[in-house]
Each structure stands twice: as C-alpha cells, then as structure tokens.
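Here is the structure we will look at.
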Amino acid sequence: MTAAQIGLPRRLVVGGGALAESGALVRDLGFARPVVVTDAFLAGQGTVGRLVSALTDAGCAVAVFDGTVPDPTTESLEPGLAVVREHDADCVIGLGGGSPLDTAKALAVLAVGGGAMRDYKAPTVTVGPALPVIAIPTTAGSGSEATQFSIITDGATDEKMLCPGPAFLPIAAIVDYELTLSMPARLTADTGVDALTHAIEAYVSRRANPFADGFALTAISTISRNIRAVYADGADRATREAMMLAATQAGVAFSNSSVALVHGMSRPIGAHFHVAHGLSNAMLLPAVMRFSVGSAPSRYADCARAYGLSGDSDEALARALVGAVEQLCTDLAVPTPREYGIDRARWDDLTPLMAEQALASGSPDNNPRVPDAAEIAALYGEVFG
C-alpha cells in the first residue's frame, strides 16, 4: 500500500457552546484581523453577531462578508475577495454550511495565491500559499471543516470545480452542535445522508487507508443510530451532537482517503440543476452502491456491520447495506430528480455532458468499480425516477 498523506486541522474546539471560544482561539493562533465569511441568513438571525462579539471582546479587528451564495461561483467570490484584501486580513473565518466554508477556503487561497479559481481545480493540488482558515460549520453534513477541498462553480461553463490540496485545509475548526438546532427536517436529512455518503465512499475508495477507515466506520455507526431520530425531532440535543461529530469524522475520513462515484456524479447535478449537494448525493447513493457493491463486497460488508446489519456472508451483508440505504432514503423522503421537479428532456439532453464532467473530476477513478461515460449516463437515467 502506498503511504497515505494525512492532513488534519491543528485545533478542534468541540461541544455545545463552543462558538463562545472563537475569540480566544483566534488570538491563541496568533491572529487579530479576521474576515468572517458567511451568508445573509446567518447574519440576519444573530449567529454572526454572536461571533463578531466574541472576536471583538478578544481584541480582534473584524470585517464581515455575508454575500456567499448556495453553490458558490467564480463571480460570487469577487466581492468577498475585495473585503479580504481591503481589510488586510490575517485569517478567514468561514461560518455556515458547505457553501460559506467553500467560499472562505477559496478566498483564503486567492487572496495570497492570486490568479483565477480554475487555476486551482483538480488535478492541480495546491499546497499554498494561503491565508489560514478557521471553519465553523452550522450544518452536520459537509465535513468541510476538516477537509482539504473547496467546490466552486465556474460561471462561464457551469462546471463544479473540485479544488484540492493542503492550502484548502482549515487550520482550526469550532464544532458546536448547538448551531444546528434550528436546521429544518429536509436539510437535516440531506446533510445527514451527505455525511453517510462521505463515510461509505471513504471506506470503499481505492485510496482508502487504515487511518481514514476508523473515522469512516465510526461515522457510519453513529449516523445509522441517530439520523432517523434527528429527522423526526430536530430539538433532540443528544442526536444533534452525535450527528455533528459524525459529520466531522466523515470529513476527516474522506479528506484523507477520497470520495468516489457519487460525488463525481453529484457535482454536475448541482451545477446544472441547482440541487443542494447533500440532496444530490442522497438521490444517487443507493443506485451507485448497487452498481459498485460487487467490486468490493468485503469493504461494503464492513460498512454494513458498522451500520448495524448482520448476515451470513460478505456478499449478503453488502447487498443488505444497499437495501438499508434505499430504505433510509425512503424514510427520509429523499426525492428523485423527477419528484424534485427537474425536466426529463433537459436531464436527458445534459446527461452526456454531466457524464463527461463526472469523469473529468477524477472522483470516479476512486470507485471500487470504475465506470465509463456510458455507464455513468445509464446511472443518471436510472436515478431520474
């Protein structure tokens, strides 16, 4: 086995109320001029104000950019980059779901490295330089607080670019489950399946390694025990905490292993049809697992055991996991693209391009069963509904 390159945040502050520690964390790390990168919703409901107060009380000079958008684009980065440069920031704090965190990472790299975002897309691996990033997730799904990736859509081509490398890895993260208590049920379900996808793909990936494996299996176990309960009752603090930790653990897993075919196929759906990343992963996961499971039955069987299933053989367990995930998506009311309202003719028209973009991302090469463009196109047809 080739030696694995492991990257982790230097500091993690974990637990309810951890947001209050943000000022002390920033100063402990030696920074004083942060720019908070977030969205208008969090700015309006008070979370940004609480963060700014904690930073100001610690003696920081703070600027805020609250113009991030879902599925950030190259154009949406431009006003944020201006704020970072005008403030002479010494660090960037991402506050929010995957989109604000991806935006914060991109701004941190562009502010120092310059150029255009497409200069940093895979297969390029960016080591640096970059401003340090401190990530504060408000959803339990993307795991972006622990990953060395940013996803930015090229506004000229609608390509969702995977931008990898240590430069995108946060130096620190604040993992405060209380920030997820207000998540609606739909977002809870979609981000929960997103985290489950991260963990399963990390474990069955051709780039899996023993370090990432432990995080992946722990995340699968935790998610399987808690996701239905948190979907039913979002005010349950114990399940919220469990899902938040699992999302971060799954992020550590795939950042140090890789994602695979689900993510390769998911990004074009998000780019062309503006489906949230977690939801598009959920739409794809059962079908992609069914396509892949015969190529790594023992790995999928390990995932099944972590999920809480039992069976007489690895093959039986692997098949049972596919069925269990299909049932989970049914129980969580995950819509098909058809049910989501996507036009079939446009889906079919874009399928060849989406298949090409999925392959070009490199993620399908990590899948247990590596597909060609025709097989990916067939999967898009299967999942439409």
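Count residues from 1 along the sequence.
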Q.
Can you classify the ring geometry of His198 versus His277 as parallel (below 30°), tilted (30 to 60°) or perpendicular (above 60°)?
A. parallel
Q: Return the minimal non-hydrogen interatomic distance between Ala43 and Asp66, and the atom names on each side.
A: CB-OD2, 3.6 Å
(Q) Testing the basics here: between Cys303 and Val204, what is the closest heavy-atom pair and its distance to 0.1 Å? (A) SG-CG1, 4.3 Å
Q | Residue pair Lys105 / Ser144, side-chain heavy-atom distance below 4.5 Å | A | yes
Please output the side-chain donor-acceptor pairs of residues 8-20 that fall under 3.5 Å, not counting sequence neighbours, one pair per line with the distance.
none

Q.
I want to check a possible cation-pi pair here: Arg237 against Tyr177, using under 6.0 Å from ring centre and within 45° of the ring axis as the test.
A. no
Q.
Can a side-chain donor-acceptor contact be found between Arg267 and Ser280 if the only test is distance below 3.5 angstrom?
A. no
Q: Would you check if there is a donor-acceptor pair between the side chains of Ser361 and Lys160 at a distance under 3.5 Å?
A: no
Q) Mind checking whether Tyr120 and Phe168 have parallel, tilted or perpendicular rings, split at 30° and 60°? A) perpendicular
Q: Find out whether Glu382 and Phe291 are in side-chain contact, i.e. whether some heavy atom of one side chain is under 4.5 Å from a heavy atom of the other.
A: no
Q.
Quick check: is Val35 connected to Ile136 through a chain of hydrophobic side chains (ILVMFWY, heavy atoms under 4.5 Å apart)?
A. no
Q. Side chain of Arg369, backbone of Ser295: donor and acceptor closer than 3.5 Å?
A. no
Q. With distance as the sole criterion, is a donor-acceptor pair present between the side chains of Ser205 and Ser258 under 3.5 Å?
A. yes
Q | Atom CD of Gln5 with >12 non-hydrogen neighbours under 6.0 angstrom | A | no
Q: Identify the two heavy atoms, one from Arg299 and one from Asp213, that lie closest to each other, and give their separation to 0.1 Å.
A: NH2-OD1, 2.9 Å
Q: Mark yes or no for whether Arg346, through its side chain, and His272, through its backbone, hold a donor-acceptor pair below 3.5 Å.
A: yes
Q. Short question: side chain of Asn367, backbone of Val370 - any donor-acceptor pair under 3.5 Å?
A. no
Q. Would you say the side chain of Leu55 lies within less than 4.5 Å of the side chain of Val36, judging by non-hydrogen atoms?
A. yes
(Q) Using a strict threshold of under 4.0 Å (side-chain N to carboxylate O), is an ion pair present between Arg240 and Asp236? (A) no
Q: List the steps, then state whether side chain to side chain contact (heavy atoms under 4.5 Å, CB included) holds for Leu162 with Ile151.
A: CA-CA 5 Å; Leu162 172 65; Ile151 310 292; 3.4 Å; yes
(Q) Could you measure the distance from the CG atom of Leu379 to the CG atom of Leu284? Nearest 0.5 Å is fine. (A) 8.5 Å
(Q) With a 6.0 Å cut-off (strictly less than), is the heavy-atom count around CZ of Arg118, excluding the residue itself, greater than 12? (A) no
Q: State, to 0.1 Å, how close Ala306 and Ser224 come at their nearest heavy-atom pair, and which atoms those are.
A: O-OG, 4.0 Å
Q.
Is the shortest side-chain heavy-atom distance between Glu326 and Thr330 below 4.5 Å?
A. no
Q. Is there a donor-acceptor pair closer than 3.5 Å between any side-chain N or O of Thr38 and the backbone N or O of Leu95?
A. yes
Q. Same cluster or not: are Val288 and Ile220 linked, directly or through other Ile, Leu, Val, Met, Phe, Trp or Tyr residues, by side-chain heavy atoms under 4.5 angstrom apart?
A. yes
(Q) Distance check, rounded to the nearest 0.5 Å: Ser76 atom OG versus Leu81 atom CG? (A) 11.0 Å
Q) So do Thr191 and Met243 actually touch side chain to side chain, heavy atoms under 4.5 Å? A) no
(Q) Please give the remaining members of the hydrophobic cluster of Leu187, linking ILVMFWY side chains under 4.5 Å, ordered by chain and number. (A) Met183
Q: Output the distance between atom CD1 (Ile93) and atom CZ (Phe31), rounded to the nearest 0.5 Å.
A: 9.5 Å
**Q.** From CG (Leu181) to CE (Met244), nearest 0.5 Å
**A.** 9.5 Å
Q | Closest approach of Arg27 to Cys60 (non-hydrogen atoms, all atoms of both residues) | A | CD-SG, 3.5 Å
(Q) Is it true that Thr153 and Asp71 share a donor-acceptor pair across their side chains at a distance under 3.5 Å? (A) no
Q. Can you hop from Ile269 to Met265 via hydrophobic side chains spaced under 4.5 Å?
A. yes
Q | Under-4.0 Å salt bridge between Asp302 and Arg305 | A | yes
Q.
Would the distance check show the side chain of Glu145 and the main-chain N or O of Ala135 forming a donor-acceptor pair, the cut-off being under 3.5 Å?
A. no
Q. Looking only at heavy atoms, what is the nearest atom pair of Pro297 and Glu315, with distance?
A. CG-OE2, 4.1 Å
Q. If we only count heavy atoms from C-beta on, is the Ile134 to Leu29 side-chain gap below 4.5 Å?
A. yes
Q: Please test Ser22 against Leu25 for side chain to side chain contact (heavy atoms under 4.5 Å, CB included), starting from the C-alpha separation and ending with a verdict.
A: CA-CA 5 Å; Ser22 53; Leu25 175 63; 5.6 Å; no
Q. Are Pro268 and Asp158 side-chain neighbours, meaning at least one heavy-atom pair lies under 4.5 Å?
A. no
**Q.** Close side-chain approach of Tyr231 to Arg186, heavy-atom, < 4.5 Å
**A.** yes
